[in-house]
Protein chains: 2
Amino acid sequence: MVTITDIAQRCNVSRATVSKALNGHSDINAETAAHIRQVAKEMGYLPNATARALKLGRSHNIGVLFVDKTSSGLSHEYFSRILESVKQEAERSGYDITFISRDIGTLPMDYYEHAKYRNCDGVIIASVDFTDPAVIKLVNSDIPTVTLDYVFDSRSAVLSDNVAGMAELVRFVYGKGHRKIAFIHGEPTSVTQKRLASFHKTCAELGLTIPEAYIEAGTFHDPKASGLATRRLLALKDRPTCILYPDDFSFIGGMNELERQGLSIPKDMSVAGYDGILLSQVLRPRLTTYRQDAEAMGREAAKQLVEIIERPKEWIPRQVMIPGSLLTGDTIRDIRQGF
Amino acid sequence: MVTITDIAQRCNVSRATVSKALNGHSDINAETAAHIRQVAKEMGYLPNATARALKLGRSHNIGVLFVDKTSSGLSHEYFSRILESVKQEAERSGYDITFISRDIGTLPMDYYEHAKYRNCDGVIIASVDFTDPAVIKLVNSDIPTVTLDYVFDSRSAVLSDNVAGMAELVRFVYGKGHRKIAFIHGEPTSVTQKRLASFHKTCAELGLTIPEAYIEAGTFHDPKASGLATRRLLALKDRPTCILYPDDFSFIGGMNELERQGLSIPKDMSVAGYDGILLSQVLRPRLTTYRQDAEAMGREAAKQLVEIIERPKEWIPRQVMIPGSLLTGDTIRDIRQGF
DNA sequence: TGCGTTTTCGAAATCGATTAAGTAACTACG
DNA sequence: CGTAGTTACTTAATCGATTTCGAAAACGCA
C-alpha cells in the first residue's frame with residue numbers, strides 16, 4: 001500500500017505538506033499542491049481510512065441496527081429497501097455502512113458498546129424492539145442516532161405516515177361503497193397503534209360504526225395468523241364486505257382462506273394490504289394497498305444522520321413524516337348502488 | 001472513552017503491561033494481569049477497533065459485495081438470507097460486516113480500492129456480474145475473497161448444488177408420472193447453465209426426449225417473463241404436463257397466467273419453483289420447489305473467509321458444494337397409471 | 001558468593017494520517 | 001533600511017493500541 005510517506009519522499013517534501021496538499025489547505029503553493037496530487041494519483045494513493053479515523057475521531061462509518069429475527073429483519077422487503085436506500089445515500093456523503101449487533105466475537109457487548117468499539121459516527125435504528133434496554137441505552141448515549149418508525153425524545157426520527165396511509169385506504173374503500181370494513185392489525189407496536197387509531201378516527205369521520213368483532217389481532221408478516229383471523233371474520237353472522245390486512249405478505253394467509261371457502265376476490269370479498277411490496281403488484285388481481293416509501297425513508301434517515309454528525313451545533317431534533325401512496329389495485333369491489 | 005492509558009495510570013503500570021495483560025501474554029504476572037483485567041472491566045474499557053486495526057493491519061472487518069440492482073439484490077430473499085447468515089457467522093469470529101460498493105463519497109473508487117480503503121480483511125462476493133472487470137480485479141487482488149455461486153481459479157467458492165437440485169426436482173416430477181416436462185430458465189448465468197445442463201442430463205438418464213419448445217428463456221425474479229413463457233408453453237399443440245420455473249417468485253407470473261386461462265394447479269398443470277423462499281410455503285397449494293440452503297451457504301462462506309484470513313499459510317482454495325432439499329409441496333399432480 | 005537463567009515489567013518505536021506551532025525567506029512600506 | 005506581514009513549508013506531537021528489545025529483580029545452583 002502506498003502511504004503519504006511514499007509520496008512525500010518522491011516529491012521531496014514533508015508528510016505534512018502532502019497531507020495538506022491532498023486536503024486542499026491554503027498554505028501550500030498551488031503548483032506544489034498540483035504536483036503532489038499528480039504524483040499521488042500516479043502512485044495509486046488511497047488514504048487509509050483507519051489511520052484517518054484514529055486521528056480525527058471520525059470513522060465515516062454509520063452503524064445500522066436491524067433485528068436478526070427472521071420475522072421482520074432483512075427478509076422483510078420493507079426493511080431491505082430501507083437498508084439499500086440508507087446505504088446509497090450514506091455513500092453519497094462518503095459514509096460506509098456497518099451492521100451493529102450484540103456479541104461481536106466472544107466478548108459480550110451491547111449495541112452501544114459495539115458502536116463505540118467500531119467508532120461509528122452515528123447509528124440508524126429500525127425494526128427493533130424499541131423498549132429493549134440496550135436500544136434505549138444506545139439512543140440516550142453520545143452517539144447520534146436516527147430511528148425509523150419510532151420517536152424518542154430529543155432524537156431525530158423518520159416516520160412512515162401510517163395515520164395518513166390508513167386514512168387514505170379507509171376512505172378509498174368507503175368511496176367504493178363499503179361500510180362493513182374489518183381490520184386485522186399487527187402486534188401492539190406504535191405502528192399498529194397509529195394505524196388502529198387512524199382506522200377508528202377515519203371511520204368515525206365517515207360516520208361508520210365498526211363492531212368490535214371487525215377488529216382482529218394478527219401478526220405482521222405472518223400469513224397463518226391472518227388466515228385464522230380471516231376465518232373468524234368469515235364466521236361472523238354479519239360478515240364484513242372488506243378486510244384490511246396487517247401487510248401485503250400476511251394477506252397471503254387471508255387469500256388462501258378465502259380460496260378455501262370458495263370465495264373469490266374481489267367478487268365475494270374485498271381486501272387490501274399495506275406496504276406495497278413487489279409481490280402485491282404481481283398478484284392477480286393486483287392487491288389494493290398503501291405503498292410505504294421505503295426509499296425516501298432510508299434516504300431521509302441517512303441525510304438526517306449525516307447532518308447531525310457534520311453539523312452538531314446547529315442541529316435540532318426533527319421528526320420527518322414520509323408520505324406513501326395508495327396503490328388502488330383490483331381487490332376492492334365497487335359496491336355502490338347502481339354500479 | 002476509557003483508553004489503555006487510563007487503566008495504566010490507575011494500576012500504576014505501563015501501557016505495555018496493560019496491553020499484554022489484556023491480551024493474555026505470558027510475560028505478565030498472573031496476579032497483576034488479573035488485577036488489570038478487573039480494573040479494565042470496572043472502568044468499562046473497550047478496545048478501540050480503529051487503533052488496533054491501524055497497528056495490526058487487520059481490521060476484523062469483512063466486506064460484502066452485493067449488487068444494488070433491485071432485481072436480485074437484497075430484495076431477493078435468497079440473498080438477504082445469505083447476508084444475514086454471513087453476518088452471524090462472521091460475528092461469531094469477531095468480524096463485522098461492511099458493504100463494499102463503487103464511489104464512496106465523491107471519489108470514484110472501484111471495489112478493490114474501496115475494500116483497501118476500509119482495510120477489509122476479506123470480501124464475500126455474491127449476486128454480482130462476475131464478468132465485471134472491477135469484480136475480476138478484486139478477485140485477483142491481494143485481498144482474500146470467497147465467491148458465492150461462481151468459481152474463480154485459485155479462489156475459494158461456496159456453491160449451491162444446482163446440478164443435484166435440478167436432478168432431484170426432475171426425478172421427483174418424473175416419479176409422479178410426468179414425461180412432458182417444460183423448463184423456463186433464467187438469464188444465461190453460470191447458475192442457469194448448470195441447471196439447464198442438469199435438466200437435460202437427468203431427462204436423458206430417464207430416457208426422456210424433451211422437445212426444444214419445452215425450454216423457454218425467462219428471467220430470474222421476474223413474474224412477467226415467466227407469465228409470457230407460460231403462455232407460449234400453453235399455446236403449444238403438445239402441451240407439457242409440468243412446468244419448472246426459474247424461481248419461486250417468478251412462478252407467480254405463471255400462476256397468474258394459468259389462472260387467467262382457467263387452469264388449476266395441479267389438476268390441469270403441475271408446476272415447481274426453485275429457491276424455497278417463505279412465499280412458496282405459504283401459498284396454497286404449497287409450491288413444490290427445491291430449497292437452497294442459504295443459511296449454510298452464508299455460514300460456510302464466512303467460515304472459509306475467516307480461515308483464509310487467519311491461516312493464510314495452510315490455506316488451499318476450496319469449492320464447497322452446499323446441498324439443498326426438495327420441498328415436495330402440492331403442485332405436482334400424480335399422473336401415474338392407476339392413481 | 002557468583003554467575004547464569006527466568007520472571008516481570010517498561011521505554012520507545014510503530015501503524016498512517018492530521019495539525020498546531022514554528023521557521024525561513026520573501027515582500028511591503030513608511 | 002528596518003520592521004511587520006505574508007507565503008510556503010517543516011517539525012513534532014498526537015490519536016490508541018501493540019510489540020521488540022532491554023533491564024532490573026528474583027531465583028537457581030554449585
Side-chain angles (χ1 to χ4, degrees), chain A residues 1-37 39-40 43-61 94 104-105 107 113 115-121, chain B residues 1-37 39-40 43-61 94 104-105 107 113 115-121:
Chain A
M1 220 50 221
V2 32
T3 73
I4 217 171
T5 309
D6 302 326
I7 302 175
Q9 287 176 340
R10 192 106 137 54
C11 293
N12 282 321
V13 293
S14 72
R15 287 146 59 209
T17 306
V18 176
S19 174
K20 288 181 186 175
L22 260 24
N23 291 306
H25 286 220
S26 59
D27 61 345
I28 301 294
N29 181 287
E31 289 175 36
T32 315
H35 177 239
I36 289 174
R37 275 193 284 266
V39 171
M43 298 178 75
Y45 170 76
L46 275 179
N48 183 318
T50 304
R52 202 176 202 143
L54 177 59
K55 178 61 186 160
L56 298 180
R58 285 262 310 277
S59 63
H60 283 274
N61 210 293
I104 169 78
L107 9 177
E113 289 169 345
K116 265 296 182 195
Y117 171 71
R118 278 291 171 198
N119 284 103
C120 289
D121 295 336
Chain B
M1 220 50 222
V2 32
T3 73
I4 216 170
T5 309
D6 301 326
I7 301 175
Q9 287 177 339
R10 192 105 136 56
C11 294
N12 281 321
V13 294
S14 73
R15 285 146 61 209
T17 305
V18 176
S19 174
K20 288 181 188 172
L22 260 26
N23 290 307
H25 286 219
S26 58
D27 64 344
I28 301 293
N29 181 287
E31 288 176 35
T32 316
H35 178 238
I36 290 174
R37 274 194 285 268
V39 171
M43 296 179 75
Y45 170 76
L46 273 178
N48 182 318
T50 304
R52 201 176 204 142
L54 178 59
K55 177 63 184 157
L56 299 180
R58 285 262 310 280
S59 63
H60 283 272
N61 210 294
I104 169 80
L107 5 178
E113 289 169 345
K116 265 295 183 196
Y117 170 71
R118 278 292 171 196
N119 283 104
C120 289
D121 295 335

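Labels below follow one simple rule: chain letters A, B, ... track the order of the sequence lines, proteins then strands, and each chain is numbered from 1.
- Contact check of residues 17-26 of chain B against DNA chain C (heavy atom, cut-off under 4.0 Å) returns B:Thr17, B:Lys20.
- If you check residues 1-13 of chain B against DNA chain C, the residues with a heavy atom closer than 4.0 Å are B:Asn12, B:Val13, listed by number.
- In this view, A:Ala16 and A:Ser14 satisfy the side-chain contact (heavy atoms from CB on, under 4.5 Å) rule, not counting sequence neighbours.
- With hydrogens and angles disregarded, a donor-acceptor distance shorter than 3.5 Å links the side chain of B:Arg37 to the backbone of B:Ala21.
- With sequence neighbours left out, the side-chain contact (heavy atoms from CB on, under 4.5 Å) criterion links A:Asn48 to A:Thr50, A:Ala51, B:Asn119.
- The salt bridge (Lys or Arg N to Asp or Glu O under 4.0 Å) test applied to B:Asp6 returns no partner, not counting sequence neighbours.
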Are any protein N/O atoms closer than 3.5 Å to N/O atoms in nucleotides 12-14 of chain D? If there are, list each pair with its distance.
residue: D:dT14; atom: O2; partner: A:Lys55; partner atom: NZ; Å: 2.8

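- Contacts of A:Asn12 classified as side-chain contact (heavy atoms from CB on, under 4.5 Å), with partners at least two apart in sequence or in another chain: none.
- Of all nucleotides in DNA chain C, those with any atom nearer than 4.0 Å to a heavy atom of chain A start and finish, going 5' to 3', at C:dG16 to C:dA21.
- Relative to the axis of its first five pairs, the axis of the last five pairs of the helix from C:dT1-D:dA30 to C:dG30-D:dC1 sits at 60°, rounded to 10 degrees.
- Taking B:Met1 as the reference, A:Lys116, B:Leu46 meet the side-chain contact (heavy atoms from CB on, under 4.5 Å) condition, with sequence neighbours excluded.
- As judged by a 4.0 angstrom heavy-atom cut-off over every strand, B:Thr32 is placed among residues touching the sugar-phosphate backbone only.
- In this structure, B:Tyr45 reaches the D:dA17 phosphate: one of its side-chain N or O atoms is under 4.0 Å from OP1 or OP2.
- Counting non-hydrogen atoms under 4.0 angstrom, A:Asn48 reaches the backbone sugars and phosphates but no base.
- Judged as a salt bridge (Lys or Arg N to Asp or Glu O under 4.0 Å), and not counting sequence neighbours, the contacts of B:Arg58 are B:Asp121, B:Glu310.
- Within 4.0 Å (heavy atoms only), A:Leu46 reaches sugar-phosphate atoms of the nucleic acid but no base atom.
- The stretch residues 44-53 of chain A participates, sequence neighbours left out, in no salt bridge (Lys or Arg N to Asp or Glu O under 4.0 Å) pair at all.
- Within 4.0 Å (heavy atoms only), A:Leu56 reaches sugar-phosphate atoms of the nucleic acid but no base atom.
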